[in-house]
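Below is one structure, written out as C-alpha cells; comments come after it.
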Amino acid sequence: MWIYIIIAVPLLFVVGTVYTALKEQKRLEKGELKRVLEKRALEKHSLLTKYEGKSAVKKQWDDDEW
C-alpha cells in the first residue's frame with residue numbers, strides 16, 4: 001500500500017503542475033501576450049516606415065579608395 005502512495009504523490013504533482021502550466025499558457029496567449037505582440041508589430045511597422053530606404057548598417061570601409 002505504501003508503495004502506491006510513494007509512486008502516486010510525485011506523479012500527481014507533476015501532472016498537476018503541467019496542467020496548471022498549460023492553463024496559464026492558454027490564458028496568456030488569449031490575453032496579455034496578444035496585446036504585447038500587437039504592440040510590437042505596431043512599433044516594428046512604425047520603425048520600418050520611419051527608416052524606409054535607409055540602410056541599418058553603417059558602412060565602415062570604402063573599397064573604392066584602393
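Starting from 1, each residue takes its place in the sequence as its number.
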Identify whether Val14 and Leu22 are in the same connected component of the hydrophobic contact network (ILVMFWY, side-chain heavy atoms under 4.5 Å).
yes
Among Ile5, Ile3, Val9, find the residue that satisfies the side chain to side chain contact (heavy atoms under 4.5 Å, CB included) test when tested with Ile7.
Ile3
Ion pair present between Glu29 and Lys26, side-chain N to carboxylate O less than 4.0 angstrom?
no
Can you measure from CD1 (Ile6) to CG (Leu11) and round to the nearest 0.5 angstrom?
14.0 Å
Supply the atom-to-atom distance Leu37 CG to Glu32 CD, rounded to the nearest 0.5 angstrom.
10.5 Å
Show, in sequence, the C-alpha distance, side-chain angles and deciding distance for Arg35 and Glu38, and conclude whether the salt bridge (charged side-chain N to carboxylate O under 4.0 Å, His left out) test is met.
CA-CA 5 Å; Arg35 287 190 299 270; Glu38 288 173 351; over 6 Å; no
